[in-house]
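Structure first, commentary second.
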Amino acid sequence: MAAGMVFRIVVGVDGSDSSLAALDWALEEARLRSGEVYVVTAWHYPVIGDAAGRAEDHESFGDNARSVHADALQRSSAARVPVTGEVREGHPAEVLLKAAAGADLLVVGSRGHGGFAGMLLGSVSSHAVHHAHCPVLVVRSGADTIQG
């Protein structure tokens, strides 16, 4: 971080317990560093339908993401740090990496919705650790953090 610049933390939120723990961690870190938090909620439409070929309504995925994002911003309202963000359609890992361009830190949960039970890192957090151009902190719900 350059002198005189605000410490910028990007955090991915999908509504899972670990992503909410990541949000809480990011808010506290931003408070300690007099920084700001940028909340990112990504969604994508799965290309798989049911056995009859029917698929869920495309917009319902976006509506759900916007609801999760609004809840995250509401949760952040008492943090006393600047909080902004966005909801984007796209693969969550790629959306987060783009949003984190120029950030001082990317914070993600260890497993979001759709992970396999018992995995230490989910696919999004693993991708972030390996491909981000800034430090990445992976937060596990109710556990210690994993730094990458």
Side-chain angles (χ1 to χ4, degrees), residues 1-2 5-48 55-148:
M1 182 175 86
M5 301 292 289
V6 174
F7 194 85
R8 183 169 180 263
I9 301 172
V10 173
V11 59
V13 176
D14 67 1
S16 66
D17 289 344
S18 65
S19 77
L20 295 176
L23 174 61
D24 292 343
W25 191 96
L27 292 168
E28 179 62 13
E29 187 68 14
R31 186 189 66 75
L32 293 171
R33 293 179 179 258
S34 299
E36 63 186 22
V37 173
Y38 191 76
V39 179
V40 178
T41 303
W43 66 278
H44 69 283
Y45 184 72
V47 295
I48 300 172
E56 291 189 45
D57 175 35
H58 181 269
E59 273 309 302
S60 67
F61 288 89
D63 291 343
N64 181 60
R66 286 183 284 278
S67 176
V68 164
H69 190 76
D71 290 347
L73 294 178
Q74 178 63 35
R75 182 182 184 112
S76 305
S77 63
R80 296 185 311 203
V81 297
V83 178
T84 58
E86 67 178 310
V87 176
R88 288 262 182 185
E89 181 177 6
H91 188 277
E94 294 303 320
V95 169
L96 281 170
L97 292 179
K98 286 179 185 173
D104 295 294
L105 180 64
L106 172 60
V107 181
V108 295
S110 62
R111 269 191 52 246
H113 292 296
F116 294 102
M119 286 182 66
L120 179 61
L121 290 179
S123 61
V124 173
S125 55
S126 180
H127 191 87
V129 166
H130 289 97
H131 298 286
H133 293 286
C134 66
V136 177
L137 184 88
V138 180
V139 177
R140 292 177 46 196
S141 172
D144 294 329
T145 56
I146 301 167
Q147 297 180 5

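These numbers were taken from a predicted model, which means no experiment stands behind them. We use all heavy atoms of the structure for the numbers below, so side chains are in, but hydrogens, waters and symmetry mates are not.
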Applying side-chain hydrogen bond (donor to acceptor under 3.5 Å, both in side chains), name anything that partners Glu29, two or more places apart in sequence or on another chain.
Arg33

Checking Arg66 now: which residues fulfil side-chain hydrogen bond (donor to acceptor under 3.5 Å, both in side chains) with it, not counting sequence neighbours?
Glu59, Asp63

Qualifying residue for side-chain hydrogen bond (donor to acceptor under 3.5 Å, both in side chains) with Thr41, from Arg88, His69, Glu86:
His69

Close side-chain approach of [X] and [Y], heavy atoms under 4.5 Å:
X: Leu73; Y: Val39; result: yes
X: Leu96; Y: Val124; result: yes
X: Ser76; Y: Leu23; result: yes
X: Leu137; Y: Leu105; result: yes
X: Arg75; Y: Leu20; result: yes
X: Val108; Y: Val11; result: no
X: Asn64; Y: Trp43; result: no

Please identify each residue that fulfils salt bridge (charged side-chain N to carboxylate O under 4.0 Å, His left out) with Glu94, with sequence neighbours left out.
none

Test log, rule side-chain contact (heavy atoms from CB on, under 4.5 Å), inputs His44 and Phe61:
CA-CA 7 Å; His44 69 283; Phe61 288 89; over 6 Å; no

Using atom types as modelled and distance alone, determine if a side-chain donor or acceptor of [X] lies under 3.5 Å from a backbone N or O of [Y].
X: Asp104; Y: Arg8; answer: yes
X: Ser19; Y: Val13; answer: no
X: Ser18; Y: Arg140; answer: no

Taking all atoms of both residues into account, what is the closest heavy-atom pair of [X] and [Y], and its distance?
X: Pro82; Y: Gly35; value: CD-O, 3.4 Å
X: Tyr38; Y: Ala99; value: CE2-CB, 4.3 Å
X: Leu27; Y: Ala79; value: CD2-CB, 3.8 Å
X: His130; Y: Ser126; value: ND1-O, 2.7 Å
X: Glu89; Y: Val95; value: O-CG2, 4.2 Å
X: Val68; Y: Gly15; value: CG1-N, 3.4 Å

Greater than 12 external heavy atoms within 6.0 Å of His131's NE2
yes

Would you check, one step at a time, whether the test side-chain contact (heavy atoms from CB on, under 4.5 Å) holds for Val107 with Val10?
CA-CA 6 Å; Val107 181; Val10 173; over 6 Å; no

